Visitor: 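One structure is given below, represented as structure tokens, and several questions about it will come after.
These numbers come from a predicted model, not from an experiment.
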Amino acid sequence: MCPIDDFDAFEAAAQVPLSVRAMAARPAPYLDGLNPAQRQAVETLDGPVLMLAGAGTGKTRALTARIAHLLVTGKARPNEILAVTFTNKAAREMKVRVGRLMGETVEGVPWLGTFHAICVKLLRRHAELVGLKSNFTILDTDDQIRLLKQLIAAANIDEKRWPARQLAGLLDHWKNRAWTPEAVPASEASGFDGRGVKLYAAYQERLKTLNAADFGDLLLHVVTIFQAHPDLLDQYRRWFRYILVDEYQDTNVAQYLWLRLLAGGHKNICCVGDDDQSIYGWRGAEVGNILRFEKDFPGAVVIRLEQNYRSTPHILAAASGLIAANKGRLGKTLWTEAEEGEKVRLIGHWDGEEEARWIGEEAEALQGGSRGMRPFSLDDMAILVRASHQMRAFEDRFLTIGLPYRVIGGPRFYERMEIRDAMAYFRLAVSPADDLAFERIVNTPKRGLGDKAQQKIQSVARAEGVPLVEAARRLLEAGGLGGKGGAELRKLIEAIGRWHGEVRAAGPSVVLDEAALIDDETVPLGRGAASSHVELAERILDESGYTAMWQADKTPEGPGRLENVKELVKALEEFDNLQGFLEHVALIMDKDSEMAGAKISVMTLHAAKGLEFPVVFLPGWEDGLLPSQRAMDETGLKGLEEERRLAYVGLTRAEELCTISFAANRRVFGRWQSQLPSRFIDELPASHVDVLTPPGLCGGGYGAAAPSHGGGSGIEERASRADVYKSPGWQRLQARSAARPVSQPSQARHMVIDAEAVPAFETGTRVFHQKFGYGVVTGIEGDKLDIDFEKAGSKKVVARFVVAAASADDIPF
DNA sequence: GCACTTCATGTTTTT
DNA sequence: CATGAAGTGC
């Protein structure tokens with residue numbers, strides 16, 4: 001494991017000499033090539049600093065250099081620096097870059113992580129102050145919903161009218177504002193039939209008895225602790241002498257309070273952000289935090305990074321023109337010295353499928369260097385969508401033509417049912433008192449334990465105040481459950497006890513010395529039993545019958561699920577014990593299994609923040625989709641502006657080539673719906689946009705109608721939506737809309753990428769496809785097969801994406 | 001208790 | 001459309 005990941009290790013390094021002479025003696029290499037603004041941001045170490053860093057202006061570089069500078073000048077030891085990011089991705093990136101910058105010259109590493117990761121660390125030490133034990137479990141949304149459902153039912157509330165999901169959203173909203181149940185203002189308490197606050201209190205009580213915390217609690221509890229224990233806060237203020245915050249525009253009230261508490265003494269806080277990239281308002285982020293910074297920290301130095309090192313002037317100008325429509329910005333003027341490059345391209349399509357087809361072909365063409373551009377690797381390309389359901393059209397298309405792609409932040413690995421089931425077994429092995437885990441798997445696989453049996457266990461647990469596993473044991477002892485279910489339950493309970501015994505034998509669980517805040521901490525590792533936990537995990541899944549359950553499964557997903565479980569076990573190898581693994585998974589829900597080979601990336605705009613790609617496709621710029629209807633309905637102008645910032649984030653991800661597209665028709669809820677091009681398209685400065693003619697539409701394209709009266713005046717002319725409508729291309733689309741039925745057989749040609757021998761198939765062969773499941777070959781045409789899938793219907797698929805299948809149940813595990 | 005049906009419901013975005 | 005919840009028959 002990367003040493004930077006190990007918080008405990010650098011706490012142990014607290015005694016490193018204050019100044020690191022080896023580095024201080026050399027000229028500081030990390031300052032080379034910084035522009036004056038960046039340099040100022042690096043060298044202004046003391047006091048509050050606000051770094052307003054536009055997209056692509058090298059803020060991460062400045063931030064990492066600043067850390068280096070703190071260390072080299074001897075202002076701080078590594079472990080006296082607290083660097084907070086918003087996402088795991090950002091934290092990872094920063095760790096890598098700090099590591100690269102500092103090399104091996106410095107022992108120990110800063111506290112670098114997401115708000116949540118750092119809060120867990122703190123909360124584990126002081127859990128008892130909020131009524132938890134230090135080994136509390138972190139609930140994921142699924143557990144949370146199940147718990148809330150129980151509470152709603154217990155309160156005799158109609159779950160149809162007041163769904164648990166809605167309550168979860170409400171609690172999240174409150175926790176983001178750092179409101180404990182008592183602190184929820186009366187004006188807000190009317191939500192959820194007026195019983196929200198009561199349920200909130202009940203929920204918190206329940207969490208305490210379960211020894212669990214949800215995501216919001218991680219922050220909320222720490223803030224509560226700091227507020228109630230000034231002495232403790234004081235220790236941490238002395239401990240974290242320099243604080244750095246990335247993506248400050250995304251902080252919510254709880255995070256803001258947390259920061260203000262910690263920075264309250266020395267005020268050595270440096271916040272980096274860009275109000276134009278604030279896209280998490282729906283999650284409680286307060287742009288106000290960044291706008292208010294100078295008030296909160298009087299005398300703050302404000303530094304603007306405005307030189308852009310990422311995009312071409314056309315892309316930059318298009319983005320700037322778009323974002324200029326937002327009101328109440330702090331305002332920045334990005335500029336660049338880059339070569340002019342291509343204009344932003346705009347293209348309209350008949351429907352979503354055609355859009356996917358076109359982008360697929362374009363991606364293939366760009367690899368060969370089309371339009372006089374340099375050749376791009378698929379790794380250089382990204383498709384950024386507004387909502388994750390848009391990704392499906394691309395997946396389907398790319399699977400069909402065999403274009404390698406990678407979905408980032410899609411349906412996440414750790415959220416899959418089979419993974420969560422397996423994790424529940426592991427959780428039980430680590431702590432048998434984990435009731436939520438127990439509930440999840442008592443009857444998975446089927447053990448003949450239905451509602452009735454489970455209710456019996458529940459009532460024993462409630463009556464005697466013991467965890468479910470213990471309650472089940474007592475119930476069996478009392479002979480309260482007979483038959484097949486009883487026998488199965490006994491087997492399960494015994495197995496859990498056995499597994500737990502092995503976990504304990506393998507290594508002592510985390511021992512926390514509550515008194516030692518800053519002192520060395522023994523790093524608890526089950527080293528002695530290096531790989532035994534992997535073996536144990538395999539055995540747990542075996543003995544529980546969980547593996548067998550999927551092996552016996554006949555659905556097309558069965559083998560894939562087995563595969564996922566296998567991967568989960570493999571991921572275990574990188575950890576020293578089960579506990580460590582569970583902790584990791586609770587906080588880092590994404591799994592980056594980087595397979596070899598170039599792939600085009602598909603992700604949401606939110607997931608793309610902080611990333612950059614030479615080639616970017618921005619599909620689905622349609623009213624209702626990119627300015628999302630829901631965002632506008634819920635928060636009106638505020639929502640629209642956030643959508644515009646989202647569009648801005650998309651544009652500014654592109655380095656060299658950016659292509660916006662929209663479709664006239666799209667399937668929404670399974671129904672075909674005609675779409676209007678996004679109003680944001682109107683707002684793009686026309687002189688930086690190239691309107692392309694869609695494939696199959698000969699003659700004047702959209703551009704033909706776009707006016708181009710000489711634009712010498714300060715005001716840019718716009719590629720107006722009305723003009724687009726008048727264009728022959730659009731009218732042709734309209735005409736086709738009437739003439740053509742919904743779907744059209746694909747006529748698209750594509751290059752054959754793969755010349756290697758493809759296993760031969762004949763018609764009638766039963767095959768398996770990763771995504772479409774099982775099917776039978778009905779036709780062969782070159783390297784493409786017509787396959788009639790059992791679940792997915794008939795499709796044309798490239799042969800190398802398919803394997804011959806004997807039968808569903810002989811996939812080995 | 002379980003497997004099978006129908007029915008409604010909803011699609012942002014994430015730690 | 002696709003998932004989940006409620007209802008039905010064994």
Side-chain angles (χ1 to χ4, degrees), chain A residues 84-91 113-120 138-142 144-145 149 159-160 163-166 168-169 172 175-176 213-220 247 250-252 254-255 278-285 384-393 396 408-412 414-415 417 442-455 483-485 488 554 585-590 603-609 620 624-635 639 642-643 645-647 649-650 666-673 791-793:
Chain A
V84 208
T85 65
F86 216 70
T87 62
N88 292 306
K89 207 165 46 190
T114 63
F115 278 100
H116 296 269
I118 289 170
C119 281
V120 170
I138 300 164
L139 294 194
D140 53 44
T141 22
D142 218 66
Q144 201 186 346
I145 297 282
K149 272 186 184 158
E159 210 198 304
K160 284 232 161 126
R165 259 208 74 88
Q166 191 186 322
D172 195 50
K175 288 186 177 182
N176 283 338
D214 65 20
F215 272 104
D217 283 340
L218 300 179
L219 268 150
L220 183 57
E247 307 283 15
D250 288 333
T251 50
N252 61 34
Q255 289 157 338
S278 161
I279 54 175
Y280 285 100
W282 51 273
R283 199 173 91 180
L384 311 182
V385 298
R386 170 69 245 259
S388 50
H389 69 259
Q390 287 174 267
M391 300 200 273
R392 239 187 64 192
D396 280 353
I408 295 177
R412 280 188 295 260
Y414 289 112
E415 277 170 15
M417 169 200 348
V442 236
N443 207 25
T444 312
K446 298 266 175 289
R447 294 192 173 89
L449 297 162
D451 283 348
K452 224 176 64 198
Q454 289 187 41
Q455 271 164 20
K484 181 170 173 286
E488 289 284 326
K554 290 281 190 291
V585 171
L587 288 173
I588 296 146
M589 293 291 281
D590 60 337
M603 69 186 93
T604 64
L605 287 162
H606 284 88
K609 192 161 75 152
L625 225 196
L626 183 45
S628 138
Q629 193 55 52
R630 195 164 151 183
M632 292 187 294
D633 290 347
E634 280 172 9
T635 40
E642 181 152 315
E643 295 293 305
R645 290 193 290 268
L646 216 35
V649 166
R666 204 171 278 280
R667 262 178 120 116
V668 182
F669 288 149
R671 263 308 111 219
W672 282 96
Q673 207 183 312
K791 292 269 148 111

Visitor: State the CD-OG distance between A/Glu642 and A/Ser628, to the nearest 0.5 angstrom.
Guide: 10.0 Å
Visitor: In whole Å, what is the span from the CD atom of A/Gln390 to the P atom of B/dT13?
Guide: 9 Å
Visitor: How long is the straight-line distance from CG of A/Leu449 back to CD of A/Glu488, given to the nearest 0.5 Å?
Guide: 7.5 Å
Visitor: How many whole angstroms separate atom NZ of A/Lys446 from atom P of B/dA3?
Guide: 6 Å
Visitor: Check the side chains of A/Gln455 and A/Asp451 for a donor-acceptor pair under 3.5 angstrom, ignoring hydrogens and angles.
Guide: no
Visitor: Rounded to whole angstrom units, what separation is found between the NZ atom of A/Lys609 and the P atom of B/dT15?
Guide: 11 Å
Visitor: Would you give the length of the straight line joining atom CG of A/Leu605 to atom CG of A/Leu626, rounded to the nearest 0.5 angstrom?
Guide: 6.5 Å
Visitor: Should A/Asn252 be listed as having a side-chain N or O under 4.0 Å from OP1 or OP2 of B/dT15?
Guide: no
Visitor: Would you say A/Phe115 stacks on B/dT15, if stacking means ring centres under 5.5 Å apart and planes within less than 30 degrees?
Guide: no
Visitor: Which residue lies toward the 5' end of DNA chain B, A/Arg447 or A/Glu634, if each is placed at its nearest nucleotide?
Guide: A/Arg447
Visitor: Select from A/Gln454 and A/Glu643 the residue whose nearest nucleotide in DNA chain B is closer to the 5' end of that strand.
Guide: A/Gln454
Visitor: Expressed as a whole number of angstroms, how long is the span from A/Lys89:NZ to B/dT13:P?
Guide: 14 Å
Visitor: Please state how far atom CD1 in A/Ile145 lies from atom C1' in B/dT9, giving the value in whole angstrom units.
Guide: 15 Å
Visitor: Within this structure, what is the CG-to-C1' distance between A/Asp172 and B/dT15, rounded to whole angstrom?
Guide: 9 Å
Visitor: In whole Å, what is the span from the CE atom of A/Met391 to the P atom of B/dT13?
Guide: 8 Å
Visitor: If you check every side-chain atom of A/Phe215, which of B/dG1, B/dT13, B/dT15 has the closest atom?
Guide: B/dT15
Visitor: What is the distance, to the nearest angstrom, from the CG atom on A/Asn443 to the P atom on B/dG1?
Guide: 9 Å
Visitor: Considering residues at least two apart in sequence or located in another chain, which fulfil the salt bridge (charged side-chain N to carboxylate O under 4.0 Å, His left out) criterion with A/Glu247?
Guide: A/Lys59, A/Lys609
Visitor: Roughly how far, to the nearest 0.5 Å, is NZ of A/Lys175 from CG of A/Asp217?
Guide: 3.5 Å
Visitor: Could you tell me the separation between the CH2 atom of A/Trp282 and the NE2 atom of A/His606, rounded to the nearest 0.5 Å?
Guide: 5.5 Å
Visitor: Has A/Thr114 got a side-chain N or O lying under 4.0 Å from the OP1 or OP2 atom of B/dT14?
Guide: no
Visitor: If the sugar-phosphate is the primed atoms plus P, OP1 and OP2 and the base is the rest, what is the B/S/- string for nucleotides 1-10 of chain C, using protein heavy atoms under 4.0 Å?
Guide: BS--SS----
